[in-house]
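No experiment lies behind these values; they were computed from the predicted model shown. Proteins get letters first, then strands, A, B, ... in listed order; numbering begins at 1 in each.
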Amino acid sequence: MLAFALRRLLQSIAVLFVMSALVFAGVYAIGNPVDILINPQADQAEIARATAALGLDQPLWRQYWSFIAGAFAGDLGRSFAANVPAVPLILERMPATLELAVAAMVIAVALGIPLGLVAGLRPGSWAGKAIMAGSILGFSLPTFWVGLMLIMVFSVYLGWLPPTGRGETLMVLGVPVSFLSWDGLLHLFMPALNLALFQLSLLIRLTRAGTREALAQDYVRFARAKGLSMERVLRVHVLKNILIPVVTVTGLEFGSLIAFAIVTETIFAWPGMGKLLIDSINVLDRPVIVAYLLIVVLLFVLINLVVDLVYTALDPRVRLARREV
Amino acid sequence: MSKIVGSRISDHGSRIAAAALGGWLATAGAAELRIGLSADVTTMDPHFVAAQPNLTAQHHVFEPLLHVDERGRPVPVLATWRNPDPLTWEFTLRKGVKFHDGAELTTEDVAFSLERPFTIKGSPGGFTMYVRPIVAREIVDRYTIRLKTAAPYGAIPQDLAEVMIVSKRIAQGASSADFDSGKAAVGTGPYKLVRFARGSRIELARHDPYWGGKLPWDKVTLTILPSDPVRTAALLSGELDAIEHVPTADLARLKKNPNLRLAQAVSWRTIFLHVDQSRDRPPGVLSRAGKPLDRNPLKDVRVRRALSKAINRQAIAERVMEGLARPAASVVSPSVFGHDPALKPEPYDPDGAKKLLAEAGYPDGFGLTIATPNNRYINDEQVAQTVAQMLARVGIATKVEAMPLSVYFGRARNKEFGVALLGWGSLAADLALRSLAATANPDKGYGAWNWGGHSNPKLDQLVERSLGTVDPTQREALAREAAALAAAGVAFIPLHYQVVTWAMKNTLSYQARTDEFTFAHHFKPR
């Protein structure tokens, strides 16, 4: 277990290095942030001064070197545009993104598994067909379009939900959360649903396929033959066996929920990390872009670790140590 | 308008938030104004980066010595000014102006604020250029300060209109983060900063001892909504009372809505083409077959005029811009100081264009590539595509290369384009021409954005004389002359002046501003 965790750690450090170098070179290749941030009235001397002030007059390798040196001292640089350290800038936005992603995941799991079960148990019924048709729509409609439609219907025409932003936040253990107040929930619902749509469709399909497969297995038939109630068969035999792929996908998709949150956050003006990334890319705010990607890579590593741990809990046959072979 | 405000605890700046909480509860149900802004505000530090979205938010909290009115003309704010001699600008402060902490504004604060831009580390494009011409600050008394320049410089009012006055006592040693948290965001402006929620919104509360009198809104929320359809939807749903920068696509729809009204002004921003007239083989300027030419046709003023004649500006303004533009005669928009009303847009004349091309030795035309950003100006890429079609009709085979702004500016500065689209807004013609048309001269700071390499010593002299003239009437005459000369030499090909639009509930009115700024304190109930 320890060796496993250590190896994971070393792998992730290597990934972080490669990624930081790639992003550094990539942003450098796009252009010079001074060209975008500079006051249009600026003269040549002011442009040169600003370039030097941001350290951009140095050769790229030297800029990267000072970044690495700073990173080891725990400093990933200051935002060019906001003049504050990049990491706190991102962490300040992280609770909003995590809240949105968790809310989306809750919606996806709470709706996806029951709907998938229904579709799997009664594939020929109109309900089963409707669920499957809906999941195709959820897969294929682009997130930004669905987001705009949600706003048009629920905010503009019906006026039920606020169109944008995060509602009131309450502090829980020093972290601002919005799901504890009614206003916050109202603001959270639409973006979370929008973000959940893809994963919801995925879970429906996965659960349906798993259920169909499990129902045909000998152990299910045997359980039915033994005279167990359908409810118990589903809960103990079917559900438990189809949960492994569901947990894998949910875990992996949690990472993409955070990544895809960029689109949803932009549409609903949700003040999360993704929106910060877009704003930073627009002005080539390199310290923020690099720090953001480093944090996201770390998140992915953590999520994968948690998924591995949940496996062992769900299926005693899976041993982490075995992966050493 | 009114909205009940429940208890709310902010995640940062809790000191101010707590102080404001009491205020909000007391005024719950009182007049609130909620405005949707189109671009992100990166910091509340008014001396860090001279970006218009930041200035929009900061203008609510801080004030400059003088400002420009909705037509772009300097008007006194915190001070009146006069010139005892051409090298001296004497500012007399308004008496009894109070900062948000109750302290009175004095010339100490002014001197400090004009010095502060130099002290900020890591600023990517700050305010130093506005205060650099001032070589000495002489405090005469509590209310009088004399600013000296090394040479006569007439653009001091336009430059100082951008520099906010902060409280010396509070801002001394404060970092940008202190401004963001609200600790140092203490100005004389009409609104106090309650909370700066980066990337999301800015909450403001009225500063009651404001020298300008009582304002209609107790509370103002500036919400950051860069996505066009979302900003419109937020207005339609009633979540917002007003929005800035109405997108062309939604204009017709909002116009028809009886609950809303629009305010429009011709912007100071002119969209134009920089054409390379200095190099022998500029990128993208080729023969029709795509072969290099032996000389640069754009060096010939007849060819530049032919390009200008080939463009149907009226059609671009009406069709591509859906009415949100006016045909342009020069890079100096009608409201800008130094605009010459006698200058008319080049009329659409394709036959004349062909004739001029033949005269210049290009009866069969040549090939051209127009570079344009695709996320900066209203419908920028479509405008470039339309121009390309129009040029093709007179025999110039034109391609368009569109890219995001972050890529575009860097490549343009590297001189990678032969013809490049740019939008420009300046408060004065001489300021615009100094950057855009004067011969590049790093020592003088001229021609920093002269991508086309236009060079006319007479124009340089005129711009220099105009900027060196302190008397506004004389300066305007010189600035006009310079603008006319640049137009006569076809230094660039002007396309259109943008029209800027605000949309709001029909219970409100807004004095539309040519400089595109959105100020809550200029919204009035009807």
Handout entry: Candidate pair B:Asp250 and B:Arg253, rule salt bridge (charged side-chain N to carboxylate O under 4.0 Å, His left out), full reasoning
Key = CA-CA 5 Å; B:Asp250 295 324; B:Arg253 181 172 172 188; 5.6 Å; no

Exercise for the section: Starting from the C-alpha separation in whole Å, work towards a yes-or-no answer on salt bridge (charged side-chain N to carboxylate O under 4.0 Å, His left out) for B:Glu464 and B:Arg434. Expected result: CA-CA 8 Å; B:Glu464 201 167 350; B:Arg434 176 177 71 178; over 6 Å; no

Practice task
Kindly determine whether A:Asp35 and B:Tyr408 satisfy side-chain hydrogen bond (donor to acceptor under 3.5 Å, both in side chains), including the steps that lead there.
Solution key: CA-CA 9 Å; A:Asp35 287 326; B:Tyr408 182 73; over 6 Å; no

Exercise for the section: Begin with the C-alpha distance, continue with both residues' side-chain angles, and end with the deciding distance and a verdict on salt bridge (charged side-chain N to carboxylate O under 4.0 Å, His left out) for A:Asp57 and A:Arg49. Expected result: CA-CA 9 Å; A:Asp57 52 341; A:Arg49 186 207 60 74; over 6 Å; no

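Per-residue counts of heavy-atom pairs under 4.5 Å with chain B were compared for A:Ala45, A:Ala82, A:Pro271; the largest is that of A:Ala82. Between chain B and the residues A:Ala29, A:Ala52, A:Ala81, the largest count of heavy-atom pairs under 4.5 Å involves A:Ala81. Options A:Ile36, A:Ile281, A:Ile151 differ in how many heavy-atom pairs under 4.5 Å they form with chain B, and the most are formed by A:Ile36. Annotation: maximal heavy-atom pairing with chain A below 4.5 Å, among B:Ile224, B:Thr42, B:Leu225, B:Thr128, occurs at B:Thr42. Contact count versus chain B (heavy atoms, under 4.5 Å) is highest, among A:Thr266, A:Asn32, A:Val84, A:Ile47, for A:Val84. Interface check for chain B: of the options A:Ser155, A:Ala53, A:Pro163, the most heavy-atom pairs under 4.5 Å are formed by A:Pro163. Ranked by non-hydrogen atom pairs under 4.5 Å with chain B, the options A:Ala269, A:Gly159, A:Ala42, A:Gly147 are led by A:Ala42.
Within the 4.5 angstrom heavy-atom criterion, atoms from both the backbone and the side chain of A:Asn83 approach chain B. Only the backbone of B:Tyr446 has a heavy atom closer than 4.5 Å to any heavy atom of chain A. Neither the backbone nor the side chain of B:Arg376 comes within less than 4.5 Å of any heavy atom in chain A. If you measure heavy-atom distances from B:Ser406 to chain A, the contacts under 4.5 Å come from both the backbone and the side chain. For B:Pro404, no part lies near chain A; criterion is any non-hydrogen pair under 4.5 Å. Neither the backbone nor the side chain of A:Leu276 comes within contact range of chain B; no heavy atom of the residue lies under 4.5 Å from a heavy atom of that chain. Looking at B:Ser175, there are no atoms closer than 4.5 Å to chain A (heavy atoms on both sides), in backbone or side chain. With a 4.5 angstrom heavy-atom cutoff, A:Leu89 touches chain B only via side-chain atoms. Using a 4.5 Å cut-off between heavy atoms, B:Asp443 makes no contact with chain A at all. In this structure, the portion of A:Arg93 lying under 4.5 Å from any heavy atom of chain B is its side chain and not its backbone. In this structure, chain B has heavy atoms under 4.5 Å from both the backbone and the side chain of A:Ile267. Neither the backbone nor the side chain of A:Ile278 comes within contact range of chain B, judged by heavy atoms closer than 4.5 Å. Contacts of B:Leu436 with chain A are absent, with no heavy-atom separation under 4.5 Å from either backbone or side chain.
When the side-chain contact (heavy atoms from CB on, under 4.5 Å) test is applied to A:Ala101, the partners found at least two apart in sequence or on another chain are A:Phe254, A:Leu257, A:Ile258. Every residue two or more places apart in sequence or in another chain that forms a salt bridge (Lys or Arg N to Asp or Glu O under 4.0 Å) with B:Glu516 is listed here: B:Arg269. B:Asp40 pairs by the salt bridge (Lys or Arg N to Asp or Glu O under 4.0 Å) definition with nothing, not counting sequence neighbours.
With B:Arg34 as the fixed residue, the side chain to side chain donor-acceptor pair (under 3.5 Å) test singles out one of B:Thr221, B:Asp241, B:Thr223: B:Asp241. For the side-chain contact (heavy atoms from CB on, under 4.5 Å) with A:Pro33, the qualifying choice from A:Leu284, A:Asp285, A:Thr51 is A:Leu284, the only one to do so.
Contact of the A:Tyr292 side chain with the A:Ser280 side chain is not registered, since no non-hydrogen atoms from C-beta on lie closer than 4.5 Å. For the pair B:Val336 and B:Leu427, the minimum side-chain heavy-atom distance is 4.5 Å or more.
Under the 6.0 Å cut-off for aromatic ring centres, B:Trp268 and B:Trp424 do not qualify, their centroids lying 6.0 Å or more apart. You'll find the ring centres of A:His187 and A:Phe189 outside the 6.0 Å limit.
With 3.5 Å as the limit, one finds a donor-acceptor pair spanning the side chains of A:Thr97 and A:Glu265.
Ring-plane geometry between A:Phe24 and A:Tyr64 is classed as perpendicular, the angle between the planes exceeding 60 degrees on a 0 to 90 degree scale with a lower cut at 30. Between B:Tyr130 and B:Phe127, the ring-plane angle classifies as tilted under the 30° and 60° cut-offs.
Against chain A, the residues from residues 410-417 of chain B that qualify, each with a non-hydrogen atom under 4.5 angstrom away, are B:Gly410, B:Arg413 in number order.
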